[in-house]
Protein chains: 2
Amino acid sequence: MYEVIRKPTIVDVARAAQVSTATVSRVLNGRRVDPELVRRVRAAAAELHYRPNGTARSLQAGATRLIGVLVPDLGNPSFSELLRGLADATGTHGHRLLVADSKESQDEERALIHELALHCDGLVLCSPRLPLEELARFAVGPLVCTNREVGGLSMSSAGVDSYAGMTEVVRHLATLGHRHIGYLAGPPDSWSNAERQRALGDSAAALRLQVTVVQAGSTSDDGHRALPALLAAGVTAVVAFNDLVAIGLLAGLREQGLDVPRDVSLAGFDDIPVAQFLAPPLTTVRLPTEEVGRQAWELLREQLQQAGRHGTVRLPTELVVRGSTGPAPDTV
Amino acid sequence: MYEVIRKPTIVDVARAAQVSTATVSRVLNGRRVDPELVRRVRAAAAELHYRPNGTARSLQAGATRLIGVLVPDLGNPSFSELLRGLADATGTHGHRLLVADSKESQDEERALIHELALHCDGLVLCSPRLPLEELARFAVGPLVCTNREVGGLSMSSAGVDSYAGMTEVVRHLATLGHRHIGYLAGPPDSWSNAERQRALGDSAAALRLQVTVVQAGSTSDDGHRALPALLAAGVTAVVAFNDLVAIGLLAGLREQGLDVPRDVSLAGFDDIPVAQFLAPPLTTVRLPTEEVGRQAWELLREQLQQAGRHGTVRLPTELVVRGSTGPAPDTV
DNA sequence: GTGAAAGCGCTAACAC
DNA sequence: GTGTTAGCGCTTTCAC
């Protein structure tokens with residue numbers, strides 16, 4: 001008996017079991033087959049350490065059961081959470097995730113979308129940074145964007161209502177007596193950021209508040225760096241693009257000997273797990289990020305079942321008031 | 001001109017360009033071809049919106065350029081970081097990541113490994129929870145484990161030197177005068193946890209320190225819940241399985257009116273990004289997690305190039321002393 | 001330099 | 001029930 005060097009195929013199993021490849025296939029896929037033959041096939045497969053080739057199956061089936069996911073930054077906990085929701089939902093339907101990180105680069109994003117599309121049945125683009133008209137070109141296959149408006153294009157969209165969330169947090173701050181609010185802006189290409197900034201502008205106008213926008217980013221370091229500009233502006237409350245940014249700012253304020261919320265109130269977006277454990281616990285707009293992932297899969301599944309059937313899901317946010325926001329300090 | 005309903009294949013392009021499929025293939029893959037034909041093929045491909053089928057390519061090539069990655073919890077920032085390193089490294093070699101989350105379940109882990117293996121050229125198992133002997137059965141293809149000893153088995157291993165890290169942090173605490181140290185243990189199946197606990201035991205014995213181990217887990221909630229047991233034991237310093245757990249405990253201590261580090265010193269593992277922004281900033285054992293991901297790819301790549309060629313990489317840790325550890329309180 | 005044809009490993013008609 | 005065979009879409013000899 002000679003060792004098979006190359007990986008055993010269904011042909012090898014068939015030969016060893018003295019049956020046809022069709023029978024092997026049937027046994028492997030649980031079709032009705034004579035018990036004796038089942039036994040022989042099973043034995044041969046085990047003997048040869050046979051493992052079916054997924055690629056060949058996919059080619060034959062015309063589908064890979066792979067879903068491509070593109071995120072701007074794998075390190076951001078809020079994308080991890082989305083990924084988790086997505087992995088969970090797709091997993092129950094036997095689909096797996098092909099994950100790529102565009103590192104906030106539009107060029108990478110473009111290249112990766114092209115590449116992922118070759119291997120996947122559908123694509124989920126998380127907070128894509130590419131302009132809408134360019135995204136439209138990829139809408140040839142099943143496609144869902146998260147946290148990104150898609151206009152009337154033939155793709156689906158799942159996201160949260162950032163506008164309402166921001167409106168709510170601004171109202172909360174206004175109620176506490178704050179008249180000058182700072183905003184630590186997120187990545188310039190981020191649609192969520194634009195949406196939050198727009199809501200802030202609208203709310204501030206309606207409530208006659210002053211607003212100072214400082215460009216930050218999406219990480220704690222970005223928030224930390226933004227402190228000086230914020231202090232110079234003389235705001236009494238700050239809303240950060242996300243919790244990570246808020247955390248960086250919080251640390252900076254503490255280093256300056258400023259107390260939160262006595263001297264400055266602070267709120268974030270996301271409600272990442274650590275938010276509640278900070279000192280003070282962070283007031284934040286909770287986003288159902290994991291649920292966005294699950295909804296994205298549902299939308300994609302609809303497209304998979306019936307091409308061209310796209311929809312939009314916008315999930316509500318919830319203001320979680322904790323210790324980092326308080327009454328505005330008395331002003332002279 | 002009728003619309004092609006099914007996706008256009010290389011045959012459609014060949015027909016439209018009046019050339020053979022071989023020529024189309026050559027053009028697509030940048031082989032030498034008559035410029036005029038190149039033009040025609042390009043035009044036809046564009047006209048038909050042709051996209052090559054990645055599955056067919058993979059089948060023909062005998063490789064998918066897909067790497068399966070299994071993590072116990074996608075929500076844990078330290079796995080995100082590893083994923084990032086891995087995505088980065090594999091990406092530069094044209095490989096993509098097939099990601100699955102076992103949710104800390106051994107059954108899921110087993111099932112997912114089987115499934116991933118069908119579609120991938122190689123596997124990276126992050127902190128696998130399955131017993132070693134079972135893992136060995138999967139070592140038929142290229143395989144790398146992270147943060148897991150693999151004995152003499154035919155697989156590679158990339159990880160950090162948890163033992164040395166724990167030894168260092170214990171010495172640090174002993175130097176500060178602590179004589180009774182608490183350990184918030186991680187997931188029971190985690191090899192890293194076992195390693196850290198072993199190091200703690202050894203160090204404590206050498207330094208004649210008392211140790212109290214409290215079972216926690218890997219999340220902040222786990223750390224938070226462990227507080228009562230720890231207080232009852234009367235420790236003056238605590239080492240947590242990871243930073244997340246430490247954060248939960250830190251919040252709990254604060255709620256009890258206890259000051260860190262005046263009343264209790266606290267240290268974690270990982271040095272996740274928020275660690276430095278906490279109040280007080282967290283003393284922790286920094287693990288080069290992203291680098292572990294990169295090294296895992298290098299080890300896998302070696303196996304891909306030459307079957308059976310496995311190795312082990314153990315990266316050094318670094319104690320980062322911040323504000324959460326201080327002198328032991330005077331004891332009566 | 002180009003085309004015809006074989007074949008990657010599997011499944012699904014289709015005959016028997 | 002089981003075997004034979006034709007593909008799935010692509011790349012790659014091998015002739016020409």
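Throughout, a chain's letter reflects where its sequence line sits, starting with A, and its residues are numbered from 1. Note that the coordinates shown come from a computational prediction; the quantities given were computed from them, not determined experimentally.
- Counting atom types as modelled, A:Gln60 pairs no side-chain N or O with a base atom of C:dG9 as donor and acceptor under 3.5 Å.
- At the phosphate of D:dG9, neither OP1 nor OP2 sits under 4.0 Å from any side-chain N or O atom of B:Arg57.
- Following rounding to the nearest Å, B:Asp12 (CG) and D:dC8 (P) show an atom-to-atom distance of 11 Å.
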Between protein and nucleic acid, restricted to nucleotides 1-5 of chain C and to nitrogen or oxygen atoms under 3.5 Å apart, what atom pairs and distances do you find?
residue	atom	partner	partner atom	Å
C:dT2	OP2	B:Asp34	N	2.8
C:dG3	OP2	B:Ser20	N	3.2
C:dG3	OP2	B:Ser20	OG	3.2
C:dG3	OP2	B:Thr23	OG1	2.4
C:dG3	N7	B:Arg26	NH1	3.4
C:dG3	O6	B:Arg26	NH2	2.7

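- One can place CZ of A:Arg6 at 11 Å from C1' of C:dG9, the figure rounded to the nearest angstrom.
- Taken residue by residue, residues 110-123 of chain A places no heavy atom nearer than 4.0 Å to DNA chain C.
- Candidate nucleotides C:dC10, D:dC10, C:dC8 were compared by shortest atom distance to the side chain of B:Leu59, and C:dC8 ranks first.
- With hydrogens and angles ignored, the 3.5 Å screen pairs a side-chain donor or acceptor of B:Arg40 with a backbone N or O of B:Gln18.
- Set against D:dT11, C:dC10, C:dT11, the side chain of B:Ile10 has D:dT11 as its closest nucleotide.
- Spacing between atom CZ of A:Arg15 and atom P of D:dG3 amounts to 15 Å, rounded to whole angstrom units.
- Partner of A:Leu125 under the side-chain contact (heavy atoms from CB on, under 4.5 Å) criterion, out of A:Leu135, A:Thr146, A:Val144, A:Val69: A:Leu135 alone.
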Determine whether A:Asp107 and A:Arg129 satisfy the following criterion, salt bridge (charged side-chain N to carboxylate O under 4.0 Å, His left out), listing intermediate values before the conclusion. CA-CA 10 Å; A:Asp107 288 340; A:Arg129 311 306 199 198; over 6 Å; no
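- Remark: A:Arg31 is in phosphate contact with C:dA12, judged by side-chain N or O atoms under 4.0 Å from OP1 or OP2.
- Between the side chains of A:Ser80 and B:Ser80, at least one donor N or O lies within less than 3.5 Å of an accepting N or O.
- Here C:dG9 presents its P atom at 15 Å from CG of A:Leu28, a figure rounded to the nearest Å.
- Note on ring orientation: taking the six-membered ring where Trp is involved, the planes of A:His95 and A:Trp297 are tilted (angle from 30° to 60°).
- For A:Arg294 and A:Asp88, the salt-bridge test passes: some basic side-chain N is under 4.0 Å from an acidic carboxylate O.
- Dashed line: the shortest gap from a side-chain N or O of B:Ser25 to OP1 or OP2 of D:dT11 is under 4.0 Å.
- With hydrogens and angles disregarded, a donor-acceptor distance shorter than 3.5 Å links the side chain of B:Ser156 to the backbone of B:Gly311.
- Side-chain contact, B:Gln306 with B:Glu302: no donor N or O sits under 3.5 Å from an acceptor N or O.
- At the phosphate of D:dC8, neither OP1 nor OP2 sits under 4.0 Å from any side-chain N or O atom of B:Asn53.
- Applying the 6.0 Å contact sphere to NE2 of B:His49 captures no more than 12 heavy atoms from other residues, nucleotides or ligands.
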